[in-house]
Amino acid sequence: MSDMPPVHDSTTARDYTATEMMTVTASRALTNGTTCFVGIGLPSEAANLARLTHAPDTVLIYESGTLQTRPDVLPLSIGDGELCDTALSTVSVPEMFRYWLQGGRVDVGFLGTAQIDRYANLNTTLIGDYREPKVRLPGGGGAPEIATNSREVFVMIKHSPRAFVEEVDFITSLGFGRDGRARDDLHPETARHTGRGPTLVITDLCLMRPDPDTHELVVTSIHPGVTREQIVDATGWPVRFVDAPEATPEPSGHEVSTLRELKARTERHHSGHHEEKSA
Amino acid sequence: MAEFLSLHEAIARHVHDGDTVALEGFTHLIPFAAGHEIIRQKRQNLTLIRMTPDLLYDQMIGMGCASKLIFSWGGNPGVGSLHRLRDAVEKHYPAKLEILEHSHAAMACAWEAGAAGLPLAVLRGYIGSDLPRVNQDIRHIDCPFTGERLAAIPANRPDVTVIHAQKADRAGNVLIEGIIGVQKEAVLAARRSVVTVEEVVDSLEAHPNACVLPAWAISAIAVAPGGAAPSYTHGYYGRRNDFYKQWDTIARDRDTFRQWMEDHVMNVEEGVSA
């Protein structure tokens, strides 16, 4: 159905940034053929890199209604024309959320966030008190239902103490709740239609997964050149590591060059007033 | 039945102080020209509804048109915050803005329920989220068949919806193409509607399943070429992503914002604003 991936250099990249490491690692988490509901920003970058490298048949869905889209450049907004032009079909937004997301067609919800806590709850609403916020953030958007209606959720976020907090000020989108148990006591009908929640958190330092019993996020893999101290310092709770954390494999030269080409194409595309030819 | 009016006349006749108004558009087809006309006509005390308030609502809020905002994601897509919205929420400038926030899934359902003439929308949503704690309009009902607890929110029923579309035919039927968002639902949910279009054509040449709003479902049509810029109209012109980035600087400062609005919206003729 799709073109074969090109033969390429799979040797380790000579140089790459921590952000590139994060994006490549996140892209590798998507297996070929996965149906992925993609958030804008970092997840969109990683999901498209996956599509351009090891997972050409990954189905990308954006909340603007674009079904099975194959953008040549990364969208700046969730509703860029590029997403529609390269989609199999574009449906209305109510159809997108009701039939395709709530209807149970999404394998992976791929989200970014402003804050994440110990139990993988996501906050994109505000910092501080709701009525008198210190910082007002954009809000939930599609995330609250992507977090519960997808079979599982991947989260991508850069590691910092401000982002990785003990407890989020506001749960916009459910991880595992304030006690780690929020997905355990759902009505059977709700449980049948609700996914496993966040199964993987990809940062620029490491990979984290929820503990199978407590659902607390623990470090399962450490990126090359990163120390445990760096991860501890950048995490706002006393973070735990699994007994023998893996060493995250380095990106290949092909992955890094594909990512750089994608970003360069995107930069050129968005830098000017993009004229679309008349219908 | 759709009446062809000038943009000035369409807004003067259909958008009133204190109205609940929706200017919809999901990144695509945002009715900037119509929104600017609302600002020029100095409408006050509006309740604004929109899933994704972006630059246009930032402008309307910053110019003091709104007292309440019902939304699900308020930001400058791919760029960052809406500084005028944040100033209104965080510092009550230029006036206090009441906010009522939802998720996209809920708002999309609320539009569909409004179009369907139902009082409420039902969804499997908001599970484990704090949003129901801060929004009294998010409640729950038990399914009478399974007993499952489902989220319920009121249908969106604005006084007037304003959208932009590609084209109308001479009878006033309107064709919407590309990312259609909630354009159709928002019009059908409203008591009145104003549609701006790029052009009027002899025939829509629409395929059988196209998104078409019949003339008898629309109150007024105004021709506004470029009326969605700096957002885009599929098949006509692209999104001015560079302007969305520049807006971050323009809107960050109250005076810079005010001056930009004076130069580009208040002191220009209808239809030629940026």
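As a basis for the values below, the full set of heavy atoms in this structure was taken, side chains included, without hydrogen atoms, waters or symmetry mates. The shown structure was predicted, so the numbers you read here are calculated from the model rather than taken from an experiment. Reminder, nothing fancy here: chain letters follow the sequence lines and each chain counts from 1.
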Heavy-atom pairs under 4.5 Å with chain B: which of [options] has the most?
| options | answer |
| --- | --- |
| Leu137(A), Leu76(A), Leu174(A) | Leu76(A) |
| Leu101(A), Val135(A), Thr194(A) | Val135(A) |
| Gly177(A), Ser92(A), Gly175(A) | Ser92(A) |
| Leu186(A), Val168(A), Thr148(A) | Thr148(A) |

Interatomic distance, [X] atom [atom1] to [Y] atom [atom2] [nearest 0.5 angstrom]:
| X | Y | atom1 | atom2 | answer |
| --- | --- | --- | --- | --- |
| Asn123(A) | Asp130(B) | CG | CG | 8.5 Å |
| Thr90(A) | Glu177(B) | OG1 | CD | 11.0 Å |
| Ile171(A) | Leu131(B) | CD1 | CG | 10.5 Å |
| Ser77(A) | Arg239(B) | OG | CZ | 4.0 Å |
| Arg192(A) | Glu148(B) | CZ | CD | 8.5 Å |
| Asp80(A) | Asn241(B) | CG | CG | 5.0 Å |

[Y] and [X], any side-chain heavy atoms less than 4.5 Å apart:
| X | Y | value |
| --- | --- | --- |
| Val89(B) | Pro133(A) | yes |
| Asp242(B) | His270(A) | no |
| Thr124(A) | Trp73(B) | no |
| Val93(A) | Met51(B) | yes |

Full working for salt bridge (charged side-chain N to carboxylate O under 4.0 Å, His left out) between Arg98(A) and Glu112(B): CA-CA 10 Å; Arg98(A) 289 168 70 76; Glu112(B) 210 177 40; 2.6 Å; yes
What part of [X] is in contact with chain A, defined as an atom under 4.5 angstrom from a non-hydrogen atom: side chain, backbone, both or neither?
| X | result |
| --- | --- |
| Arg124(B) | both |
| Leu82(B) | neither |
| Lys245(B) | side chain |

Chain A interface, residue from [options] that has the most non-hydrogen pairs under 4.5 Å:
| options | answer |
| --- | --- |
| Ala105(B), Ala106(B), Cys143(B), Ala110(B) | Ala105(B) |
| Pro53(B), Gly147(B), Ser81(B) | Gly147(B) |
| Asn76(B), Val182(B), Leu150(B), Val134(B) | Val134(B) |

Would you check if the side chain of [X] reaches a backbone N or O of [Y] as a donor-acceptor pair within less than 3.5 Å?
| X | Y | result |
| --- | --- | --- |
| Tyr232(B) | Gly81(A) | yes |
| Glu101(B) | Gly139(A) | no |
| Glu189(A) | Thr146(B) | no |

Basic-acidic side-chain contact under 4.0 Å: Glu90(B), Lys134(A):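 No.
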Looking only at heavy atoms, which two atoms of Ser103(B) and Pro144(A) are closest? And how far apart?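 What the structure gives for the nearest pair is CB-CG, 3.8 Å.
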Could you please spell out the steps behind the side-chain hydrogen bond (donor to acceptor under 3.5 Å, both in side chains) verdict for Glu63(A) and His104(B)? CA-CA 9 Å; Glu63(A) 66 192 17; His104(B) 278 351; 3.2 Å; yes
When you look at Ile99(B) and Tyr130(A), which way does the side-chain contact (heavy atoms from CB on, under 4.5 Å) test go after all the steps? CA-CA 11 Å; Ile99(B) 57 169; Tyr130(A) 190 80; 3.9 Å; yes
